[in-house]
**Student:** 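Sharing a structure here in structure tokens format.
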There are 2 protein chains.
Amino acid sequence: MSTIRDVAKLAGVSVSTVSRYLNKSGYVNSETEQTIKYAIDKLKYAPNQVARGLAGKKTNTIALILPDISNLFFSDLARAVEDVAATYGYTVIFGNSDDQAVKEKRYIETLKQKYIDGIIFASNTLGHDDAEMLTKLGIPFVCLDRGPSEENSSIVRSKNKEGAIMAVQHLLDVGCRKIAHIYGPQHLITAKERLIGYEQSVQILDWYSPTLIEPGDFRIAGGMKATDRLLERHPDIDGIFAGNDLMAIGALKALHRKGIPVGRQVAVCGFDGIQTTEITVPELTTIAQPIYDMGALISRLLIKKIEGKLEEDRLYELDVKLIVRDSTFRRQGTNEQA
Amino acid sequence: MSTIRDVAKLAGVSVSTVSRYLNKSGYVNSETEQTIKYAIDKLKYAPNQVARGLAGKKTNTIALILPDISNLFFSDLARAVEDVAATYGYTVIFGNSDDQAVKEKRYIETLKQKYIDGIIFASNTLGHDDAEMLTKLGIPFVCLDRGPSEENSSIVRSKNKEGAIMAVQHLLDVGCRKIAHIYGPQHLITAKERLIGYEQSVQILDWYSPTLIEPGDFRIAGGMKATDRLLERHPDIDGIFAGNDLMAIGALKALHRKGIPVGRQVAVCGFDGIQTTEITVPELTTIAQPIYDMGALISRLLIKKIEGKLEEDRLYELDVKLIVRDSTFRRQGTNEQA
DNA sequence: TTGAAAGCGCTAACAC
DNA sequence: GTGTTAGCGCTTTCAA
């Protein structure tokens, strides 16, 4: 592995000239440029990024902190983030926080000692203190769904409330007249907004009752349990809007176990648009977030911010899309309740 | 952010003493040790990893190159790798190769300029030349499933052939007497070994015919198409062993569309043990690889190798496990063929 | 347009 | 046991 010094020697110039050429900072005569180019080629020289990092405090590395990479939603997101990062010449480090603030703090500590250029938080545990510290240190960061302060960070999320409204509307359109909601952990803004959307849509309807709302945990098991409880209270439910796809899958399973035909008797709609929704039987109707786009956007925002090209931090709310599949397919007028 | 120099000054010792204390290299008087400890605390000092990296060529960072992080199997693996790495104080970088050698080469190039400590290849495109170069550069690496050379790299995989034999045996046990196989891309050793296992198990049986074997692409769509073709040729198939879970899910879908009852008429068995197999209807019987364990092991091996504590490189073949679920549930003697 | 030289913060001889 | 010092490979003033 040759160094910048070797290149300088071979080209008969000084290291600073080579450096200037490399970074396109400052003037370099086009003839000497050629000589340098030749020397670099000849020596197969590639700049040492660690040395660069030390000297320039720029490592071309970003970090992605998420709750759990093995969660379908986040692995999709990670893919997008890395794709974009690679395009811009950045490497990405990831860390699983399990939504625990301690773990997140630990990563932040490590990352700042590594001169990471910026951080994407897809975890919801970032505290005000950390945000402040990062800002003070001059480490740019962006957040998915929610940021600790509206000031120092751009935020990317999708239109959760609107999506919830679309979901309820769709269920009404296919003939449902008693729609329950399974909501996720209320410390997550996504879960909260979706619940609000549901409430807004249904509270004016005559069949509405608060007992149609049941908590889940954003996971399959939680969706199953919630469905069981709902059916106990209201055997005549004909629609379920789950706060995310995993819980909707849980609902599907619970209904299936009870021998209740999904779609025909009870329509189910999820939220997120993870790939697995195409695998269930019946396939799951869902409000799809543009997961890949969200990852790509957030990554691009961070990089712009790192490179000082981001005008201002702001909130980006992306559109969601209703994807109709068999879990909400009901024959015309088929509305008999068991 | 204070430096080692600040600590040295405050403690009234030299930087080398502090460094010795930090790295536990060389003697340090227990009294001065206390002083140093105090100074570090007082200044909230934390060593700069980039400077350390430059001086010592050790960055406490490993890389994980995989085909696609959004693939269920690999995101599970990534989780395990990162868990173990974090435990040992390593940070992990990931890269998506899409099984393209060019992309993989690009990552290797970047990684070596970043003084990465070691690499895990879960991608199958690593060439002999790259392996040689890494070895020459002294960058340790380990591989999932297959390595380019048996020499310089430990390899972790599971018992693919044995698993395939178990799958076929299970299908026979539940009464199948005409079992087809959908195999994956033959440049992947996993797909190859599973095919071999199938062939070995069935070729002695009187119903066996090579036309019971059909290629898939390790994805859902491929599994569906293969199933359609198989049923065309052999409408009386009563068992399908798919080379991986995604293709098995495809088979489930194809059978479902044709109105063929899975389990009762045609039993389906997959391979891998990804989480999604619990979501399908019916739930999928599969040969589960210990995915998390594989990730944890490979990560641990790499770190040991980096730290010079690995005695010798070798092949680790982990046991697989048959998980029986409804997709292979057949009533006693129910063996009528449509 | 180019070069000399002083760091970036740490490690590791080597000398005391 | 401890301190001095020369790098690690690069960027970046500042002069020329």
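Chain naming here is simple, since letters A, B, ... match the order of the sequence lines and numbering starts at 1 in each.
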**Student:** Applying the side-chain contact (heavy atoms from CB on, under 4.5 Å) test to B/Pro140, which of B/Asn152, B/Leu302, B/Ile120, B/Ile62 qualifies?
**Tutor:** B/Leu302

**Student:** Closer to the 5' end of DNA chain D via nearest nucleotide, is it A/Ile4 or B/Glu33?
**Tutor:** B/Glu33

**Student:** Reckon B/Thr32 touches a base, only the sugar-phosphate, or nothing at all at heavy-atom distances under 4.0 Å?
**Tutor:** sugar-phosphate

**Student:** Please determine, for the side chain of A/Arg5, which listed nucleotide (C/dG9, D/dT4, D/dC10) has the closest atom?
**Tutor:** D/dC10

**Student:** Rounded to whole angstrom units, what separation is found between the CG atom of A/Asp6 and the P atom of D/dG9?
**Tutor:** 9 Å

**Student:** Taking only the side-chain nitrogens and oxygens of B/Ser14, find out if one of them lies under 4.0 Å from OP1 or OP2 of D/dG3.
**Tutor:** yes

**Student:** Any side-chain N or O of A/Asn48 less than 4.0 Å from the OP1 or OP2 oxygen of D/dC8?
**Tutor:** no

**Student:** Nearest-Å distance, CD1 (B/Ile40) to P (C/dC10)?
**Tutor:** 10 Å

**Student:** A/Val13 near the nucleic acid: base, sugar-phosphate alone, or nothing, with a heavy-atom cut-off under 4.0 Å?
**Tutor:** sugar-phosphate

**Student:** Side chain of A/Ala55: nearest nucleotide among C/dG7, C/dT11, D/dG1?
**Tutor:** C/dG7

**Student:** Considering just the side-chain nitrogens and oxygens of B/Ser19, establish if one lies under 4.0 Å of OP1 or OP2 belonging to C/dT11.
**Tutor:** yes

**Student:** Are A/Tyr21 and D/dC10 close enough that a side-chain N or O sits under 4.0 Å from OP1 or OP2?
**Tutor:** no

**Student:** B/Thr3 near the nucleic acid: base, sugar-phosphate alone, or nothing, with a heavy-atom cut-off under 4.0 Å?
**Tutor:** sugar-phosphate

**Student:** Any salt bridge between A/Glu317 and A/Arg157, counting N to O under 4.0 Å?
**Tutor:** yes

**Student:** NZ of B/Lys9 versus C1' of D/dT4: gap in Å, rounded?
**Tutor:** 16 Å

**Student:** On DNA chain D, compare the nucleotides closest to A/Leu22 and B/Gly26; which residue's is nearer the 5' end?
**Tutor:** B/Gly26

**Student:** Could you work out which one of C/dC8, D/dG7, C/dG3 sits closest to the side chain of A/Ser16?
**Tutor:** C/dG3

**Student:** Base, sugar-phosphate, or nothing for B/Val28, non-hydrogen atoms under 4.0 angstrom?
**Tutor:** sugar-phosphate

**Student:** Quick check on side-chain contact (heavy atoms from CB on, under 4.5 Å): which of B/Leu22, B/Ile4, B/Thr59 does B/Arg52 satisfy it with?
**Tutor:** B/Leu22

**Student:** Looking at C/dG3, I'd like to know if its phosphate oxygens (OP1 or OP2) sit under 4.0 Å from a side-chain N or O belonging to A/Thr17.
**Tutor:** yes

**Student:** What I want to find out is whether A/Lys136 reaches A/Asp129 closely enough, with some N-O distance under 4.0 Å, to be called a salt bridge.
**Tutor:** no

**Student:** B/Tyr115 OH to D/dG9 C1': how many Å, rounded?
**Tutor:** 7 Å

**Student:** May I ask you to evaluate whether A/Arg20 reaches the phosphate of C/dT2, defined as a side-chain N or O under 4.0 Å from OP1 or OP2?
**Tutor:** no

**Student:** To the nearest Å, give me how far apart CG (A/Leu54) and C1' (D/dG9) are.
**Tutor:** 9 Å

**Student:** Any salt bridge linking B/Lys57 with B/Asp117? Criterion: basic side-chain nitrogen under 4.0 Å from a carboxylate oxygen.
**Tutor:** no

**Student:** Taking the nucleotide of DNA chain C with the nearest heavy atom to each, does A/Val15 or A/Tyr27 sit closer to the 5' end?
**Tutor:** A/Tyr27

**Student:** Flag the pair A/Arg300 / A/Tyr88 as yes when at least one side-chain heavy-atom distance between them is below 4.5 Å, and no otherwise.
**Tutor:** yes

